[in-house]
Amino acid sequence: MSSIRLEHIDKAYDDNQILKDFSVEIDSHEMISVIGGSGSGKTTIARLIARFWDTTEGNIYIGGKDIKDIPISKLNELISFVTQDTYLFNCSVKENIRLGNPEATDDEVFQAAKLACCDEFIQTLEDGYDTIVGNAGNKLSGGEKQRISIARMILKNSPIVILDEATAFTDPENESKLQQSLGGLSKGKLLLVIAHRLSTIKNADRIFVINSGEIQAVGKHEELLDTNNLYKNMWLAHIGAKNWSANSNGKEEL
């Protein structure tokens, strides 16, 4: 039920054509990444699949069924959507995680937190899992909020996970922890990553390079480095940014 197929998708805003005759198939349990420059259409793809927006032309299918024929409540069960704009409510850490599955036991909440690599820092908070996180989680760092959001999605246990620039603003110290938590979230699922931080997608089964709303290239990381200049240049820019960040903190180059 979790395969995805996009057929001849067009999406335009006013007179601005974002996607043009875009088609792709994603199998269950496959990790796919979509990369491209600003305005290339990559975030539009994610939001159309989740049906935050509707297509101008073309159809999207999940498990062979047109998403327009799937009730929104059912679509929300099928898809976990994680963005860079993590929102936490002004309640305890435990209850923020439990929003993923209100019927979950405390032990299931704790297990989700461990899989998301946030149990360790939660244990250091003044009241542990009962710590109130403040308005929009303002008592926690950005990376900590992201990992709690991922723990929430692990608890939800949807068969499709979409990460829309979810790691864009993660600091280098939190990146390795966040990578581990993404592993816990995506295990056994269809994972679609809309990537800003390219290190998150090196091991993708397929990487789609999007340019001006069209697929420019498809392949694995090493293959694209050899065959696609846009991908190679984006990768080199990413590595350069990581090295600059590491050096600015007095650390060795990555």
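Residue numbers start at 1 and run along the sequence shown.
More than 12 heavy-atom neighbours from other residues, nucleotides or ligands sit within 6.0 angstrom of CD on Gln17. Around atom NZ of Lys68, more than 12 heavy atoms belonging to other residues, nucleotides or ligands sit under 6.0 Å away.
Residues Leu88 and Leu163 do not share a hydrophobic cluster, defined by chaining ILVMFWY side chains whose heavy atoms lie under 4.5 Å apart.
Closest non-hydrogen pair, Gly128 versus Val93, comes out as O-CG2, 4.3 Å.
Side chains of Asn157 and Lys189: a donor on one and an acceptor on the other come within 3.5 Å. With no hydrogens or angles considered, no side-chain donor-acceptor pair links Thr56 and Asp10 at under 3.5 Å. Looking at Gln111 and Asp107, their side chains never bring a donor and an acceptor atom within 3.5 Å of each other.
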Using a 3.5 Å cut-off and no angle test, enumerate the donor-acceptor pairs between side-chain atoms of residues 202-218 and protein atoms at least two apart in sequence or in another chain.
from   : atom 1 : to     : atom 2 : distance (Å)
Asp205 : OD2    : Met31  : N      : 2.7
Arg206 : NE     : Glu30  : OE2    : 2.8
Arg206 : NH2    : Glu25  : O      : 2.6
Arg206 : NH2    : Glu30  : OE1    : 3.2
Arg206 : NH2    : Glu30  : OE2    : 3.3
Gln216 : OE1    : Asn228 : ND2    : 3.0

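In this structure, Arg5 is positioned above the aromatic face of Tyr61, its NZ or CZ under 6.0 Å from the six-membered ring centre and within 45° of the axis.
Applying the side-chain hydrogen bond (donor to acceptor under 3.5 Å, both in side chains) test to Asp127 and every residue at least two apart in sequence or in another chain returns nothing. Looking at residues two or more places apart in sequence or on another chain, you find a ring pair (Phe, Tyr, Trp, His ring centres under 6.0 Å) between Tyr129 and Phe110.
Atom CD1 of Ile160 and atom CD1 of Ile26 lie 8.5 Å apart (nearest 0.5 Å).
At distances below 3.5 Å, not a single donor-acceptor pair connects side-chain atoms of Glu95 with backbone N or O atoms of Ser92.
Using bins of under 30°, 30° to 60° and over 60° for the plane-to-plane angle, the ring pair Phe89/Tyr87 lands in the perpendicular bin.
The existence of a salt bridge linking Arg98 and Asp106 is confirmed by a sub-4.0 Å separation between a basic side-chain nitrogen and an acidic carboxylate oxygen.
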